[in-house]
Amino acid sequence: MLGIFSKCTLPKKAGSHTIRQLSSLNFDIQHKHPQARRQVGLPRARYGGRNAVTMLPGGGIGPELMSYVKEVFLHGGVPVDFETIQIDPQSDNNDDLQYAIMSIRRNGVCIKGNIETRSLDTAIISRNVAIRNELDLFVNVINVQSYNNIPSRHKNVNCIVIRQNTEGEYAMLEHESVEGVVESMKVITKENSTRLARYAFELAKNNGRTKVTAVHKANIMKLSDGLFLETCKNMSLNYPDIKFEHMIIDNCCMQLVSNPHQFDVMVMPNLYGSIVSNVICGLVGGAGLISGRNYGDHYAVFEPGTRNTGSSIAGTNTANPVAMLSASADMLEHLGHKVHCDMIRTAISKTLNEDMVHTADLNGTAKSTDVVDNVIKHVKSIAGRI
């Protein structure tokens, strides 16, 4: 039923070394009683051994980063064809959004940049949130692992952030009860908290992780975050070999900055996940390095981990393309193209750690195209030996 999760690879801790291992997770047990909308899977679009993938460039630096992905795939002979769909940020209707969602349902997989929603019409919802809600992409996974030769606040960071993706403060339920008073509803459900907690513990168990930390604000939001925390505690009883801790979000941010090595797998509601992801990505080099994965019953969407638009640097040839290229490698791994996935990951690692080709956000002088050209050089070299 949940075949899209059957090949989810994350680095496994083994002493001081990191081993990337293929895990076969049994996610069928995660969705016994989901309250969220059930999705009916369509046959995956695949023709002649090639996968069709939806590409949503989004705004800001998104279009140029997507052009780099296409260029790398071309030189690497990657068996993927992109269906590119532009969503107009100024549009006062959701036609483009609905077409994009239909394309993802048809193809099963999507790679995207951050999509802007500039319309002030309250009927026009956030396109990014709508995609996750409509496809029930209930979990966002970010594996934050530091690079050896990247200037950063901390070295040897290796943890996984698991974020609830479809409810919490992102439920998009707001109204003005009386003039000048706006109420925004935060939604936490036992069903979605249960499947998120089970995902976190299953991922930890199958990838050699030893601890799960639940992040919350249950001392203030006693009912909503209290339910989330209680659900995580109850789930931990099914995994006695995995240590369980919980931490208040404000203390968690301080602990991340001072000692991120204490964390292994972190699980949290939606808004806290957004905050923690940006904090920890900043600790290992910034928004341009880390990729993110969004999973649901039948669909998967890959994007940069911090979901930044980067409008201020669009068109300047200074954006770091690594996060989007890493997201494309994650996508290939999900599709089963492990050889091409490893090829791109190796090319990225050599570019950053050996050739030291770094963009300005990493205190380097290289342009975006310099990084891409160097990645392509390694891709072509590796592809020639396959």
*Could you walk me through whether E245 and K211 pass salt bridge (charged side-chain N to carboxylate O under 4.0 Å, His left out), step by step?*
CA-CA 8 Å; E245 293 181 349; K211 182 171 70 171; 3.5 Å; yes

*Cluster link I344 to L74, ILVMFWY, side chain under 4.5 Å*: no

*Around K155, counting heavy atoms of other residues, nucleotides and ligands shown, do more than 12 lie under 6.0 Å from its NZ?*
yes

*Return yes if a side-chain donor-acceptor contact under 3.5 Å exists between E83 and N107, otherwise no.*
yes

*Check for a donor-acceptor pair, side chain of D264 on one end and backbone N or O of T210 on the other, with a separation under 3.5 Å.*
yes

_For K70 and T84, which I'm curious about, is there any donor-acceptor pair between the side chains at under 3.5 Å?_
yes

*Check whether any side-chain N or O of N259 sits under 3.5 Å from a backbone N or O of Q255 as a donor-acceptor pair, and report yes or no.*
no

*Stepwise, does the salt bridge (charged side-chain N to carboxylate O under 4.0 Å, His left out) test hold for K350 with E354?*
CA-CA 5 Å; K350 287 180 176 292; E354 296 179 11; 3.7 Å; yes

_Looking at every non-hydrogen atom in both residues, tell me the closest pair between V322 and G288 and how far apart they are._
CB-O, 3.4 Å

*Between H337 and N51, is any side-chain donor less than 3.5 angstrom from a side-chain acceptor?*
yes

*asked:* A quick test of your reading: do over 12 heavy atoms of other residues, nucleotides or ligands sit less than 6.0 Å from CG of L223?
replied: no

*Do N114 side-chain atoms and R307 backbone N/O form a donor-acceptor pair below 3.5 Å?*
yes

_Between S291 and D330: side-chain donor-acceptor atoms closer than 3.5 Å_ = yes

*Is the F82 to F73 ring centre distance short of 6.0 Å?*
yes

*Indicate the atoms forming the closest heavy-atom contact of G296 with F138, along with that distance.*
CA-CD2, 4.1 Å

*asked:* Between H216 and H246, do the side chains contain a donor N or O and an acceptor N or O under 3.5 Å apart?
replied: yes

*Using a strict cut-off of less than 4.0 Å between a Lys/Arg side-chain nitrogen and an Asp/Glu carboxylate oxygen, indicate whether K233 and E230 qualify as a salt bridge.*
no

*Indicate whether the side chain of N353 and that of N148 have a donor and an acceptor atom separated by less than 3.5 Å.*
no

*Is NZ or CZ of R163 both nearer than 6.0 Å to the six-membered ring centre of Y170 and within 45° of the ring axis?*
yes

*In one Ile/Leu/Val/Met/Phe/Trp/Tyr side-chain cluster, 4.5 Å: L271, L173*: no

*Return the orientation label for the Y239 and F201 ring planes: parallel under 30°, perpendicular over 60°, tilted otherwise.*
parallel

*Does a donor on one side chain sit under 3.5 Å from an acceptor on the other, for N165 and N294?*
yes

*Do the side-chain N and O atoms of H358 and N149 include a donor-acceptor pair separated by under 3.5 angstrom?*
no

*Distance from L289 atom CG to Q145 atom CD, nearest 0.5 Å?*
12.0 Å

*Find out if a path of hydrophobic residues (ILVMFWY) with successive side-chain heavy-atom gaps under 4.5 Å connects L229 to V187.*
no

*asked:* Could you report the tightest heavy-atom contact between I280 and V157, atom names first, then the distance?
replied: CD1-CG1, 4.5 Å

_Donor-acceptor pair, distance only, cut-off 3.5 Å: does the side chain of T346 make one with the backbone of M343?_
no

*asked:* Please find the pair of heavy atoms, one from P79 and one from H340, that lie closest to each other, and give the distance.
replied: CD-CE1, 3.6 Å

*Hey, any chance V257 and M268 share a hydrophobic cluster, counting ILVMFWY side chains that come within less than 4.5 Å of each other, even indirectly?*
yes

*Could I get the full list of side-chain contact (heavy atoms from CB on, under 4.5 Å) partners for K186, not counting sequence neighbours?*
E169, I188, M221, S224, D225, Y272

*asked:* Can a donor-acceptor pair be found, under 3.5 Å and without considering hydrogens, that links the side chain of E176 to the backbone of G180?
replied: yes

_For P57 against M66, the heavy-atom pair lying closest together_ = CA-CG, 3.7 Å

*Using distance alone, with no hydrogens and no angle criterion, decide if Q164 and T166 have a side-chain donor and acceptor under 3.5 Å apart.*
yes

*Heavy-atom donor-acceptor pair, S277 side chain to G273 backbone, under 3.5 Å*: yes

*asked:* Is it the case that the side chain of S328 and the backbone of L325 share a donor-acceptor pair, with hydrogens and angles ignored and the cut-off at 3.5 Å?
replied: yes

*Judged by modelled atom types alone, do D361 and N320 share a side-chain donor-acceptor pair under 3.5 Å?*
yes

_salt bridge (charged side-chain N to carboxylate O under 4.0 Å, His left out) evaluation trace for R127 with D96_ = CA-CA 10 Å; R127 276 61 183 265; D96 290 347; over 6 Å; no

*Can you list the steps and then say if S103 with T54 is a side chain to side chain donor-acceptor pair (under 3.5 Å)?*
CA-CA 6 Å; S103 172; T54 302; 2.6 Å; yes

*Below 4.5 Å, heavy atoms only, C-beta onward: do M266 and C252 meet side chain to side chain?*
yes

*Does NZ in K380 sit with more than 12 non-hydrogen atoms of other residues, nucleotides or ligands closer than 6.0 Å?*
no

*Shared ILVMFWY cluster between L97 and Y99, side chains joined below 4.5 angstrom?*
yes

*Begin from the C-alpha positions of K377 and D373 and carry the test salt bridge (charged side-chain N to carboxylate O under 4.0 Å, His left out) through to its verdict.*
CA-CA 6 Å; K377 177 187 71 176; D373 289 344; over 6 Å; no

*What is the distance from atom CG of L56 to atom CD1 of I85, rounded to the nearest 0.5 Å?*
6.0 Å

*Can you name the nearest heavy-atom pair linking I101 to A130, along with the distance?*
CD1-O, 4.4 Å

*Has the side chain of N140 got a donor or acceptor atom that lies under 3.5 Å from a matching backbone atom of I162?*
no

*Between I290 and I142, is any pair of side-chain heavy atoms under 4.5 Å apart?*
yes

*Answer yes or no: is there a side-chain heavy-atom contact under 4.5 Å between Y299 and V109?*
no

_Donor + acceptor pair across side chains of E167, T189 (<3.5 Å)_ = yes

Expected list for residues 364-371: side-chain donor-acceptor pairs under 3.5 angstrom, two or more places apart:
| unit_1 | atom_1 | unit_2 | atom_2 | d |
| --- | --- | --- | --- | --- |
| S368 | OG | N317 | O | 3.3 |
| S368 | OG | T318 | N | 3.3 |
| S368 | OG | A319 | N | 2.9 |
| S368 | OG | A319 | O | 2.5 |
| T369 | OG1 | N317 | ND2 | 3.1 |
| D370 | OD2 | K367 | N | 2.8 |

*How many angstroms lie between atom CE of M356 and atom CG of N374, to the nearest 0.5 angstrom?*
12.0 Å

_Interatomic spacing from CD in E134 to CZ in R105 - rounded to 0.5 Å_ = 6.0 Å

*Is a side-chain donor or acceptor of S258 paired with a backbone partner of M254 at a separation under 3.5 angstrom?*
yes

*Where the side chain of N251 meets the backbone of M247, is there a donor-acceptor pair that is under 3.5 Å apart?*
no

